[in-house]
Amino acid sequence: MDGASSLKRHDSRMIIHFDYDCFYASVFEAENPALKNQPLAVQQKQIIVTCNYEARRRGLYKLQLITEAKKVCPDVVTVLGEDLTRFRNASKELYSFLRKSIWSGQAERLGFDEVFLDCTDMVNYNIDILNHNDLPHSFFCLDQSDPTVGFQYDASEPFGPTYPPEAGAVSDQDLQLYRRLVLGSHLARYLRHELEKEKGYTATVGISTNKILSKLVGNLHKPKSQTTLVPPYDASASSESHVTTFMDSHDIGSIPGIGFKISQKIRARILGRQPAFDEGLVYGGTKEKVTVRDVRTFVGMGPEMLEEILGGPGSQRGIGGKIWGLIQGVDDVEVSQAKKVPSQISIEDSYTRLDTLDEVRKKLNLLSNSLIRRMHLDLTEDDDDAENAEHGILKRRWLARPRTLRLTTRPRPAVNPDGTRSRSFNRISRSLPMPTFAFSLTENVHALADRLVQDSLIPCFRKLHPERSGWNLSLVNVAVTNMAETAADSKDSDGRDISRMFRRQDDVLKEWRVVDEDVAPHLTDDVNDLLEGSVDVDVYSEATPPTSWESDDEVQDNMDVCGRCGLSVPSFALLAHERFHQMPD
DNA sequence: ACTCCAAAA
DNA sequence: TATGTTTTGGAGT
């Protein structure tokens, strides 16, 4: 199979990409509207991570050094943005607003300020109810169970700018896709306006049929605007594909999924030499610029050649074919379903000098405190179960518990023989099973953090840096990963809440408990707790290997995994668990 | 499971 | 990777 024939377009989806305008700056402006009229820059350490459009008008830009920014624009208002809490909170709020505005649940966050929405179902539904005799007075229905909920729109043309700007006649071949994109563009307009009206944030939006195209096309008109990539998406005898012309115009390194390493390898092949330093387009101009078109039309280019350029140990399998698709706007990756818990939480800070164990301990303490707070924020929810909400006290319950704790550092590289300091960004890490005491919801956070540092992180640090001195760290990161969802939150494929049903079948299980006391008496109380939704003992977590620094845990063994639902259950309860599966609703 | 790397914001 | 912080996903072991 050759390259061209292995590429097939799938343009039946409707993907809308949201990018909130200068997000960090907008969060501060939302808190303090007086800032809107002034050039505003958000600072982390020595750089500006974002600035508002007033600041951009005066020559400031992202990732600019503070010193330079002050020179260019002395009256810039600078705010510190190293604590990400407010950004994370705003991001979550906007995200859930968008997610609940669509039907599919396919809403994927990328960083704090971008969201992909799969609106295929909404658009298809509204295509079907179109009155083709009066397209300019159409009604976009937003609720299948209530035909009065929605907005009026003109379905005869797209809303807002398109790529290319001047649309030619639409061929019969392209008519279906065109109409769906028209509807997508009006839905995008509606969602943007709702976001601004309800939440006060503006966004820039792209509308197309997959993630890469909607994301890239959105960049054409910013801020507070949107762009729709209109057909033809396929080349034909009469016209070239708009997708190809659009993708061709990009620098190879500006394609999402093609980062620094991959773009440098590709540039080297196209130029026939090592490309000069980094991006080439900021300073260099035309000399180092390698466009998608340069790559696509290079003699012999195809998935095989890309595989040869990019393949090898450490690289993704099938990388050639993947990149070959990307540069032509082919991307069949689904917009992922909303996730209830993150797969990792990490906290880090960078330092100019960190070379004593005492200082390290202090920093680890700060990091651990925020880490535990983050775990509570993101991994627990209110336990509104009637059986637990005694005396009006709202308890929290773990949605998921991380099984792994990881410590990462970035050692400052030693000075070279010639005295130069070679900059390194290499990190090293060690991980270890998460100690279970960290899941206590009753103990005070400071105490937990102290214990985490003392019992886990310091021993781990010694493994990472066995030398008692000589090191100097430029960064420390503490992370929890490997989330195990707790039973309380797990839903089976039918959406039934397993733990709730467990509780309902309490009486069925009672007889088993009596029998079981002979087998595993020390487990009984924990199982009772489990059945009542208690939060403090983790009967469901997988067995962790015993380690020297972690002693006090006896509830880990004798577990089995149910072949039906994958849940871990105590071995003695497996039969009862299987019986539960057979019970009628 | 553990460690590192690449990429993204 | 000019610069910062956090998250995801993949590969090799």
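Numbered from 1 within each chain, the chains take letters A, B, ... in sequence-line order. Just so it is clear, the model here is predicted, and its values are computed rather than measured.
Across B:dC5, B:dC4, C:dT3, the shortest atom-to-atom separation from the side chain of A:Asn426 is found for B:dC5. Distance from the side chain of A:Arg88 is smallest for C:dT6 among the nucleotides B:dA7, C:dG4, C:dT6. Taking the side chain of A:Pro313 as heavy atoms from C-beta on, and the options B:dC4, C:dG12, C:dT6, the nearest nucleotide is C:dG12. Comparing atom distances between the A:Gln344 side chain and each of B:dA1, B:dA9, C:dT7 picks out C:dT7 as nearest. Among the nucleotides C:dT8, B:dA7, B:dC2, the one closest to the side chain of A:Phe260 is B:dA7. The listed nucleotides are B:dA9, B:dC2, C:dT5; the one nearest the side chain of A:Asp113 is B:dA9. Relative to the side chain of A:Ile262, the nucleotides C:dG10, B:dA6, C:dT5 differ in distance, and B:dA6 lies closest. Residue A:Asn482 has its side chain nearest to B:dA1 when only C:dT6, C:dG9, B:dA1 are considered. Nearest to the side chain of A:Lys339, among C:dT8, B:dT3, C:dT6, sits C:dT8. If you check C:dG4, B:dA9, B:dT3 against the side chain of A:Ser350, the one that comes closest is C:dG4.
Nucleic acid contact class of A:Ile48 (heavy atoms, under 4.0 Å, all strands): none. Contact annotation for A:Ile255: backbone-only contact, meaning every heavy-atom pair under 4.0 Å involves sugar-phosphate atoms and none involves a base. Among the heavy atoms of the strands, none lies under 4.0 Å from A:Gly81. Heavy atoms of A:Glu348 sit under 4.0 angstrom from at least one base atom. At the heavy-atom level, A:Arg430 lies under 4.0 Å from the strands shown only through sugar-phosphate atoms.
Judged by closest nucleotide on DNA chain C, A:Leu475 is the one of A:Arg317 and A:Leu475 placed further toward the 5' end. Taking for each of A:Asn477 and A:Gly312 the nucleotide of DNA chain C with the nearest heavy atom, the 5'-most of the two is the partner of A:Asn477.
Donor-acceptor pairing under 3.5 Å is recorded for the side chains of A:Thr202 and A:Asp21.
One can place CD of A:Glu108 at 10 Å from P of C:dT8, the figure rounded to the nearest angstrom. If you measure from atom CD of A:Gln43 to atom P of C:dG4, you get 11 Å, rounded to the nearest angstrom. For A:Lys261 and C:dA11, the NZ to P distance is 17 Å, given to the nearest whole Å. The distance between atom CD1 of A:Ile252 and atom P of B:dA7, rounded to the nearest whole Å, is 12 Å. Atoms NZ (A:Lys265) and P (B:dC5) sit 13 Å apart, rounded to a whole Å. If you measure from atom CG of A:Asp378 to atom C1' of C:dT6, you get 12 Å, rounded to the nearest angstrom. The separation between A:Glu114 atom CD and B:dA7 atom P is 17 Å, rounded to whole Å. Taking atom CG on A:Leu63 and atom P on C:dG4, their separation rounds to 10 Å, with Å as the unit.
For C:dT6, the OP1/OP2 oxygens have no side-chain nitrogen or oxygen of A:Ser346 closer than 4.0 Å. In terms of phosphate contacts, A:Arg374 brings no side-chain nitrogen or oxygen within less than 4.0 Å of OP1 or OP2 of C:dT5. In this structure, A:Ser343 reaches the C:dT8 phosphate: one of its side-chain N or O atoms is under 4.0 Å from OP1 or OP2. Contact annotation: A:Lys45 does not reach the phosphate of C:dT3 (side-chain N/O to OP1 or OP2, under 4.0 Å). An OP1 or OP2 oxygen of C:dG10 is reached within less than 4.0 angstrom by no side-chain nitrogen or oxygen of A:Ser315.
Listed here is the closest heavy atom pair of A:Gln226 and A:Ala188: OE1-C, 3.7 Å. The two residues A:Trp324 and A:Arg296 make their nearest non-hydrogen contact at CH2-O, 4.1 Å.
Both cation-pi conditions hold for A:Arg451 and A:Phe437: the charged atom is under 6.0 angstrom from the six-membered ring centre and inside a 45 degree cone around its axis.
Between A:Arg109 and A:Glu114 there is no salt bridge, since none of the side-chain N atoms of the basic residue sits less than 4.0 Å from a carboxylate O of the acidic one.
Using cut-offs of 30° and 60° on the angle between ring planes, the pair A:His17 and A:Phe116 is tilted.
A 6.0 Å sphere centred on NZ of A:Lys45 holds more than 12 heavy atoms belonging to other residues, nucleotides or ligands.
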